[in-house]
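Reading through the structure tokens given below for one structure.
Just so we're on the same page: letters track the sequence lines, and every chain starts at 1.
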Amino acid sequence: MGKYSDNPAAVAALVQPHQVHKDTYIDAEIYQLEMRHLFSNTWVFVGHDSQTPTKGDYFTTQVGDQPVIMVRHSDNEIHVLYNRCPHKGTKIAIDRSGNTGKFFRCPYHAWSFKTNGCLLAIPLKKGYAQTEFNDSESAKGMQPVGAVHNHRGFVFARLAVEGISFEAFFGDSLSSLDNMVDRSPEGRLEVAGPPLRYMHQCNWKMLVDNQTDTCHPMVAHESSAGTAVKLFDAANWPEDKPKPVAMEIIAPFMSPYEFFEDMGIRTWPNGHGHTGVHHSIHSDYSAIPGYHDAMNETYGAEKAAEILGENRHNTVYFPNIMIKGPIQQLRNFIPMGPDKTLVESYIYRLVGAPDQLLARTAMYNRMINAPTSIVGHDDLEMYERAQEGLHSQGSDWINIQRLYEGEEDMSVEAVENGTTERQMRNQFDAWSRFMTMSMPNSEAAE
Amino acid sequence: MSITRDDIIDFIYAEARMLDEGRYSEWLDLWLEDGHYWMPLDYKQADPHLVTSLLYEDNFMLRLRVERLNGERTFSQKPKSRCHHVIQRPFVDEFDVEAGHFVTNTSMHYVETRLDEQFLLALTATHELKLVDGRLRIANKRVDLLNSDAAFGNIQLLP
């Protein structure tokens with residue numbers, strides 16, 4: 001018990017319209033409350049259903065700090081279960097993915113469970129005959145999360161049993177996910193290989209904030225993208241020699257402020273938002289032979305042009321993922337502690353599209369998001385310096401005031417200048433609400 | 001020039017030393033123009049194109065990487081990282097003098113350090129070397145990290 005538990009007013013006071021208190025990023029108690037409240041009351045990304053294509057396939061991950069198993073049951077439905085034996089607590093699955101067959105079996109005492117979590121069998125069950133075991137929590141089997149929703153292959157969970165519906169939580173923000181899926185001529189994505197895993201010694205929100213921070217690329221990435229542009233300009237590249245493919249991906253990071261101002265930011269209620277409303281760093285990729293034809297055949301020329309005309313840059317789905325539709329990528333920012341975040345970067349194949357498209361996606365991922373990526377190095381250096389700096393007594397506040405004009409209504413969709421920090425303010429508006437809504441005395445936060 | 005197995009092995013040692021001593025321009029000159037430096041993400045990964053790798057860099061990207069290390073505004077290299085390779089005697093798996101084609105397999109421990117942080121990677125490097133104009137060059141290099149599927153912080157130099 002510290003100063004924030006059961007004290008929604010104190011939590012809410014950390015967020016002001018134009019600034020947030022450093023405790024939101026560094027305080028251990030706030031972190032624990034985020035895990036208990038924020039990650040329980042919101043819809044959190046779990047995985048893609050192509051990671052568990054056949055019955056018995058499972059995939060282990062975390063929702064907030066909760067270890068969970070996503071599994072395909074015998075009726076083909078996806079279930080999300082807490083990765084904990086209802087007997088003594090042993091984690092049931094340790095592999096990151098696999099196939100468990102018709103049931104899970106705990107390695108400690110061989111209790112077994114159907115793939116929807118129901119208790120199947122206990123060895124020497126007669127030992128419980130004289131007890132009231134059947135009325136116990138353990139008899140129910142592996143506990144499911146509060147609610148699960150599969151949106152066109154993307155599986156989300158809400159830990160809380162009661163709460164906001166999937167549709168109400170995401171609303172029109174699903175247009176970004178839909179666009180990414182529609183880019184497949186068959187309207188379907190498949191995960192392509194394992195994700196990059198990149199450990200960051202900083203708070204998870206540093207990463208989420210950065211997804212819509214359009215004032216950093218030309219500064220922080222001068223060393224990587226800027227050097228690439230310089231190197232290419234100095235090379236007097238022969239006309240007949242193909243340009244380095246990497247240049248198409250990396251050079252737009254050096255676009256001037258005006259480019260990012262003009263591209264716009266859209267925010268939706270509940271903390272979601274995206275950069276790149278009108279254009280983005282993904283707008284000028286070269287055409288891939290055969291792809292447009294396949295799209296036209298499926299959707300007709302007009303609809304296909306509409307789908308491919310969206311070049312949204314980064315879409316944040318609050319609280320902790322970002323997707324890039326035009327390059328078929330999802331980044332999951334998994335909290336590991338107040339000062340530690342695991343970043344998993346996934347790529348997807350557009351089913352029915354040429355391989356060349358996936359090759360570009362894979363290239364983007366390794367060039368920008370790998371622990372070995374020079375672009376990733378730029379970002380991580382900044383996050384970790386910020387995390388260290390916030391522990392100083394120099395100031396208690398973080399400024400998120402850019403293009404703030406006072407009295408913002410975060411319950412409505414808005415499109416603004418691409419360098420606004422409105423999306424960060426939007427995230428904190430949602431943060432404050434979902435953090436406090438299930439605390440005792442939550443009306444105090446109003 | 002007659003090439004011996006020892007020449008091949010010496011080449012592998014010399015390359016590691018260049019990296020440890022930060023002699024990157026010399027190191028870049030070891031490479032053939034169309035070579036790739038590949039570091040798979042998945043254990044026994046076969047395909048560098050349609051799944052993610054930690055690294056799959058052509059000559060342009062390698063030059064960019066090296067150029068960046070010396071840049072004025074390379075903030076993640078202020079102060080600079082240092083690295084150290086400890087290598088086991090390479091196996092020469094293919095030794096075709098006629099074709100000027102050689103393949104080696106080398107176990108290494110790679111240490112990288114910056115500020116108060118130091119980490120260790122165990123790896124196997126596979127070099128494909130070619131004899132061009134009497135000089136050994138790197139045609140391709142593949143680095144398999146023992147724990148390629150682990151979550152790392154920044155790996156800034158070249159294992």
Which atoms of [X] are under 4.5 Å from chain B, going by heavy atoms: the side chain, the backbone, both sets, or neither?
X: A/L342; value: side chain
X: A/R385; value: side chain
X: A/I250; value: side chain
X: A/M363; value: neither
X: A/I347; value: side chain
X: A/P194; value: both
X: A/H377; value: both
X: A/V343; value: neither

What's the spacing between [X] [atom1] and [Y] [atom2] if we round to 0.5 Å?
X: A/L380; Y: B/S76; atom1: CG; atom2: OG; value: 8.5 Å
X: B/L50; Y: A/D355; atom1: CG; atom2: CG; value: 4.5 Å
X: B/L64; Y: A/F232; atom1: CG; atom2: CZ; value: 12.5 Å

Would you mind checking which part of B/N59 comes under 4.5 Å of any heavy atom in chain A, side chain (CB onward), backbone (N, CA, C, O), both or neither? neither
Which bit of B/P159 is near chain A, if near means a heavy-atom gap under 4.5 Å: side chain, backbone, both or neither? neither
With a 4.5 Å cut-off on side-chain heavy atoms, are [Y] and [X] touching?
X: B/F75; Y: A/M382; value: yes
X: B/D149; Y: A/R96; value: yes
X: A/M367; Y: B/E57; value: no
X: A/L231; Y: B/R63; value: yes

Atom [atom1] of residue position [X] - does it have more than 12 heavy atoms of other residues, nucleotides or ligands inside 6.0 Å?
X: B/Y43; atom1: OH; answer: no
X: A/D284; atom1: CG; answer: no
X: A/D233; atom1: CG; answer: yes
X: B/E117; atom1: CD; answer: no

Check B/A151 against A/Y198 and note the closest heavy-atom contact, atom names and distance. CB-N, 4.3 Å
Trace of the side chain to side chain contact (heavy atoms under 4.5 Å, CB included) decision for A/R366 with B/L54: CA-CA 6 Å; A/R366 65 177 183 259; B/L54 286 163; over 6 Å; no
Begin from the C-alpha positions of B/F152 and A/R197 and carry the test side chain to side chain contact (heavy atoms under 4.5 Å, CB included) through to its verdict. CA-CA 7 Å; B/F152 301 107; A/R197 304 176 74 245; over 6 Å; no
For chain A, which of B/Q156, B/H49, B/E67 has the most heavy-atom pairs under 4.5 Å? B/Q156
Only pairs of heavy atoms separated by less than 4.5 Å count here; which of B/T74, B/D58, B/T52, B/L158 has the most with chain A? B/T52
Among the listed options A/L358, A/L357, A/T227, A/I374, the residue most often paired with chain B at heavy-atom distances under 4.5 Å: A/I374
Can you tell which of A/P195, A/S224, A/A220 has the highest number of heavy-atom pairs within less than 4.5 Å of chain B? A/S224
Does the side chain of A/S223 pick up a donor-acceptor pair with the side chain of B/R68 at under 3.5 Å? yes
